[in-house]
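The structure under discussion appears below in the form of structure tokens.
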Amino acid sequence: MTGVDLAEWNVAEAAPSWLAAPDLVLHAAAWTDVDGAEANPDGAERANVQGTRNVAALGAPLVYYSSDYVFSGGKGSPYFESDPTDPLSVYGRTKLAGEQATGEQAWIMRSSWLFGASGHNFLRTMLKLGAEREEVTVVDDQRGCPTYVGHLAAATRRIVELPFGIYHVAADGDCSWKEFTEAIFEQAGLSCRVRAITTAELNRPAPRPAYSVLRSEKPETPRLPHWRQGLRDCLDEIERLGS
Ligand SMILES: NC(=O)c1ccc[n+]([C@@H]2O[C@H](COP(=O)([O-])OP(=O)(O)OC[C@H]3O[C@@H](n4cnc5c(N)ncnc54)[C@H](OP(=O)(O)O)[C@@H]3O)[C@@H](O)[C@H]2O)c1
């Protein structure tokens, strides 16, 4: 297994010649600054669409990590693989175009609200803020499935044994960002209060789906544990790592 980061290969460019032909590619590189993409759609397009074309050009079977943001959230009930896509934002549109750039031998794993023990993510931000502040304000009118990357990684091993195609792989259960934050603080023993605000009050540049629960209509798709279990497993991992 070889990990390749941005410093070694900007995927918007052709692959470096030293990269040996892989047997399998897990393609997670992306422009993920959802608000920043509204101001720089060309940058997001280069990373997410041309980048995926370049990764597919390696010629190996490919796992492409895609997003609930390919949907508008207007359906109001869980999204299945066969539902029509209708992204609201530049990020969502470029992730969707990235799906279409994966070629003929790809597993497209759509997931949502990812969190893990390292890197920048909502859980780690809230653990930091919850330790520093008496109150945080969090949106309560977007619902989704917060998904622990440890569970997504385990599911990836099973996905690559299935036929190529689109798979919705997100945590069981759903919640709002506010409810997720309350659970984080409760599990982590933080007494910080959580005050609900609306998406309109937060006033971010990129529109977000109000309801982006992902479920699979394919019986072979691996089912992930509930997001509360993901939260417990992630906090355990953070404790083990001391991070
Ligand atoms: N976060 C979510 O809720 C979510 C949900 C569904 C799907 N996904 C997808 O899951 C994948 C991982 O997301 P994440 O949340 O872990 O985001 P992340 O932390 O921003 O990870 C993206 C990685 O891609 C790298 N990168 C950015 N532009 C690149 C380029 N042009 N060439 C090579 N590498 C580049 C970034 O490097 P730097 O850190 O050095 O910039 C970063 O290491 C992405 O494909 C994302 O679209 C995320």
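All ligand and atom numbering here is 1-based and tracks the order in the structure.
- For His168 and Arg215, the side-chain atoms include no donor-acceptor pair closer than 3.5 Å.
- Taking the side chain as every heavy atom from C-beta outward, Met109 and Val63 approach each other to under 4.5 Å.
- Within the structure, side-chain hydrogen bond (donor to acceptor under 3.5 Å, both in side chains) contacts touching residues 2-23 (residues at least two apart or in different chains) do not occur.
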Distances only, to 0.1 Å: what are the N or O pairs between ligand 1 and the protein that fall under 3.5 Å?
from     : atom 1 : to     : atom 2 : distance (Å)
ligand 1 : 3 (O)  : Trp113 : N      : 3.3
ligand 1 : 3 (O)  : Leu114 : N      : 2.9
ligand 1 : 20 (O) : Thr32  : OG1    : 2.6
ligand 1 : 24 (O) : Ala30  : N      : 3.3
ligand 1 : 31 (N) : Asn10  : OD1    : 2.8
ligand 1 : 32 (N) : Val11  : N      : 2.9
ligand 1 : 45 (O) : Ala28  : O      : 3.0
ligand 1 : 45 (O) : Tyr65  : O      : 3.4
ligand 1 : 45 (O) : Lys95  : NZ     : 2.9
ligand 1 : 47 (O) : Tyr91  : OH     : 2.7
ligand 1 : 47 (O) : Lys95  : NZ     : 2.9

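- In terms of the side-chain contact (heavy atoms from CB on, under 4.5 Å) criterion, residue partners of Thr198 (sequence neighbours excluded) are, by chain and number, Asp141, Ala200, Glu201.
- Annotation: cation-pi geometry not satisfied between Lys178 and Phe180 (NZ/CZ under 6.0 angstrom from ring centroid, within 45° of ring axis).
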Side chains of residues 183-196: which donor-acceptor partners sit under 3.5 Å, not counting sequence neighbours?
from   : atom 1 : to     : atom 2 : distance (Å)
Arg193 : NE     : Glu135 : OE1    : 3.4
Arg195 : NE     : Glu135 : OE2    : 3.1

